[in-house]
There are 2 protein chains.
Amino acid sequence: MELDKRKLRILQAIIDDYIASAEPVGSRTIAKKYDMGISSATIRNEMADLEEMGYLEQPHTSAGRIPSDKGYRLYVDRLMKVKGLSIAEAKYIKDIYAKKTNQLEQVILQTSKLLSSLTNYTAVVLGPKMDRVLIKHIQLVPIDKRCALLILITNTGITKDAVISVPEGIDEDYLYRISNMLNHLFKDKSIEDIKLEPLLKIQRDMVQNRQFFNSLIDALTTSIDVSDPSEVYLGGATNILNYPEYHDIIKAKEFFDLLEQKEFLYKLLIRSESSGVSVTIGQENQYKELQEFSIVTATYNMGGKTIGTLSIIGPTRMEYSKAISVMDFMGKTLSNYLTQLFMD
Amino acid sequence: MELDKRKLRILQAIIDDYIASAEPVGSRTIAKKYDMGISSATIRNEMADLEEMGYLEQPHTSAGRIPSDKGYRLYVDRLMKVKGLSIAEAKYIKDIYAKKTNQLEQVILQTSKLLSSLTNYTAVVLGPKMDRVLIKHIQLVPIDKRCALLILITNTGITKDAVISVPEGIDEDYLYRISNMLNHLFKDKSIEDIKLEPLLKIQRDMVQNRQFFNSLIDALTTSIDVSDPSEVYLGGATNILNYPEYHDIIKAKEFFDLLEQKEFLYKLLIRSESSGVSVTIGQENQYKELQEFSIVTATYNMGGKTIGTLSIIGPTRMEYSKAISVMDFMGKTLSNYLTQLFMD
DNA sequence: GTTAGCACTCTCCCCTGTCGAGTGCTAATT
DNA sequence: AATTAGCACTCGACAGGGGAGAGTGCTAAC
């Protein structure tokens, strides 16, 4: 069987309608609302064909049709009319980024809020990956007699810190010297370049404060751990409750429990390397837990290097057109913003 | 009418039963399950009295009784048997705090997770208040030609940071000198003691880099802003979905939307100053949005000074006994932990 | 003061019938 | 050969009715 123009047009109408209404779409609806110039009977025949080809499904015998994942895929790839953002929306976004905050975390958080409010889906944003980031400063600051704070500052303005305990005999001056040494070793190096060998070497010589060095190295290694799930930012988690397909408490709870697993989200999204917007529909997702959702992902970069991921999660019955426009625009806007803010 | 012993005993049985079952409790249930030595008819009479006195309510004519907020209050104040934590639970908590993390944020986050998993309610934990906290270090770290990071470190190991832009003519050395000056002015001062006057004075003299000083002062003021809602940590937000009274999507959404308003939660909880555990039941809460919930709050301290708040939010049909035990124990354990970690 | 007994009330659940939306098939039309 | 009108059929949603069950309040007896 062939997918001729008319079939495509009908499929498009059905999906458009279903995305808007969440109700199975009948042949008569299509004939009336989207004047095709053919009768409902003809449309019925076409719909039967489309179902046979796997683009539509029937919840039960005498209901209308709903799109299958395969149908949505065709829709996204070939049928959907991508309407860009309205001028007002674009301006709204630009305005928000225009007032510069001076905390990167705030920017990311704001991005997730913005995404969720623009799309009405749940936004998940990954903070910038550490591995392309340079270390600008390392310092040990004494906090009290037994504790010091190790701080690590990157050129993106992110700080990492860890409390380490300090043995009795160590004074402020000693810490200061170690800070200098650390800075000397690691300043302007990228995180991947940090090798612990130089430190370990020094440690071997310093029999005296071995314990202290152990905890120092410990703190440093956990600080630079690249896969830090604390860098997962959520926006509009409850948006999913607006959609009738998740009015079932059990499904809703499953979704929320998923969102609480930051490590899972991190693993899910970190892989998207390709720049541009990508769409994963329902069962295309490798994780069973997400096969009733669609995910739209974009990346953001700094000076051309991809450093993070934006995404939204919603029902497979998603407004793909709007979603893709928003993600595309936001990815670019955020990239520009970061590039301007942190690069010369 | 008088609240004699028998009435109290019946009220207690009703509330115990209702907390466990979430179903209106009938006279026959009480007579059978809690052998009182009196018949259901007598209990019926007593229940009618208790309702008249305002301790019980009837959802409709021929249903059993449910406790009113006033009933719960009496229960919490006089009837409830506080069973302390089991030895296993206490050990479980102690074990978790035994492995010291070196990041305060991790400790607070862990506390919220622990609270929610122990009680099955939603935990809200406020991070340590800044106003009793001492500044240990302030520094300006250059990030690139146009940016520097202002870091502020407290004796609790919390860092605050902000990116500020740096005008062309300023070199690393100049930043270093300013860092020294800031340290000199503010080191070992509490946040409340920070007066901007000395800075402003200097600023007046330094006509040259006025713009820079402006943004520096700006960043400093926002960093030390005491009422920072980012210090609100949630645990087990979806626990509420386990309780039948919130199987209604609309109620559930209201609750989640509430939790997203971090500022609101902050305002709600920051007031609890009294040490020990306090309970707010349903309509006792001043905020309408929370009058279908009960909140159990405890405080934690460091070296005797109250610096933060733990709380759990659940249905008014809460297991008060368990909740209060857990909150009490956790408040003390966290206080001990923090005191040991950061004080001498 | 307590209790057995009884009439009454109200919810829940199941069953039933009806309505409407939608289908698939067939036969007639273009 | 494609399209369409017509029709029988299917299924879910919804409303109404009736019985079961849980619980109450009242009264009269203990």
Side-chain angles (χ1 to χ4, degrees), chain A residues 1-11 13-15 17-18 20-68 71 244-245 247-248, chain B residues 1-11 13-15 17-18 20-68 71 244-245 247-248:
Chain A
M1 204 157 350
E2 215 183 325
L3 260 182
D4 55 23
K5 272 225 150 145
R6 195 172 68 181
K7 281 197 176 57
L8 288 176
R9 216 179 133 208
I10 291 174
L11 184 60
I14 292 172
I15 297 183
D17 203 81
Y18 186 69
S21 71
E23 301 284 337
V25 184
S27 54
R28 212 162 148 265
T29 313
I30 299 299
K32 262 197 305 186
K33 281 214 295 209
Y34 301 80
D35 58 354
M36 303 258 155
I38 48 180
S39 78
S40 67
T42 311
I43 292 174
R44 272 203 290 288
N45 291 328
E46 297 286 45
M47 281 164 82
D49 290 351
L50 285 167
E51 183 175 359
E52 207 181 312
M53 287 187 270
Y55 297 110
L56 293 177
E57 287 168 1
Q58 220 173 356
H60 54 84
T61 334
S62 73
R65 301 303 207 291
I66 61 174
S68 67
E245 39 270 76
H247 278 192
D248 174 23
Chain B
M1 206 157 350
E2 215 182 326
L3 260 182
D4 55 23
K5 271 221 151 146
R6 195 172 69 182
K7 281 199 175 56
L8 289 176
R9 218 179 131 205
I10 291 173
L11 183 60
I14 292 172
I15 298 183
D17 204 81
Y18 185 69
S21 71
E23 300 285 334
V25 184
S27 55
R28 214 164 144 263
T29 314
I30 298 299
K32 263 198 305 187
K33 280 215 294 208
Y34 301 79
D35 58 355
M36 302 258 154
I38 47 178
S39 78
S40 67
T42 310
I43 292 174
R44 272 204 290 289
N45 291 329
E46 297 287 46
M47 281 164 84
D49 291 351
L50 285 168
E51 183 175 358
E52 205 180 316
M53 287 186 269
Y55 297 110
L56 294 177
E57 287 167 0
Q58 220 173 354
H60 55 85
T61 334
S62 74
R65 301 303 206 292
I66 62 174
S68 67
E245 40 270 75
H247 279 193
D248 175 21

Tell me the closest heavy-atom pair linking [X] and [Y], and the distance in Å.
| X | Y | result |
| --- | --- | --- |
| V25(A) | M47(A) | O-CE, 3.5 Å |
| A13(B) | M36(B) | CB-CE, 3.7 Å |
| G64(A) | P59(A) | O-CD, 3.3 Å |

Applying side-chain hydrogen bond (donor to acceptor under 3.5 Å, both in side chains), name anything that partners [X], two or more places apart in sequence or on another chain.
| X | value |
| --- | --- |
| D49(B) | K7(B) |
| T42(A) | S39(A) |
| Q58(A) | none |

Could you tell me how far apart [X] ([atom1]) and [N] ([atom2]) are, to the nearest whole angstrom?
| X | N | atom1 | atom2 | value |
| --- | --- | --- | --- | --- |
| E23(A) | dA13(D) | CD | C1' | 11 Å |
| R6(A) | dT4(D) | CZ | C1' | 12 Å |
| E46(B) | dT3(C) | CD | P | 11 Å |

Exercise for review: Mark up nucleotides 12-30 of chain C, 5' to 3', with B wherever a protein heavy atom is under 4.0 angstrom from a base atom, S wherever such an atom reaches only the sugar-phosphate, and - elsewhere.
Suggested key: ----------SBB------

Practice item. Please name all residues satisfying salt bridge (Lys or Arg N to Asp or Glu O under 4.0 Å) with R28(A), sequence neighbours left out, ordered by chain then number. Key: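 Per chain and number, R28(A) pairs via salt bridge (Lys or Arg N to Asp or Glu O under 4.0 Å) with no residue.
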
Exercise for review: Determine whether E23(A) and T29(A) make a side-chain contact, defined as any pair of heavy atoms from C-beta on separated by less than 4.5 Å.
Suggested key: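 In short, these two side chains do not touch, never coming nearer than 4.5 Å.
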
Check your understanding: Are S39(B) and dT3(C) close enough that a side-chain N or O sits under 4.0 Å from OP1 or OP2?
Key ->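 Answer yes for this pair, as a side-chain N or O of S39(B) is under 4.0 Å from OP1 or OP2.
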
Could you pull out the protein-nucleic contacts involving nucleotides 18-20 of chain D (nitrogen or oxygen on both sides, under 3.5 Å)?
none

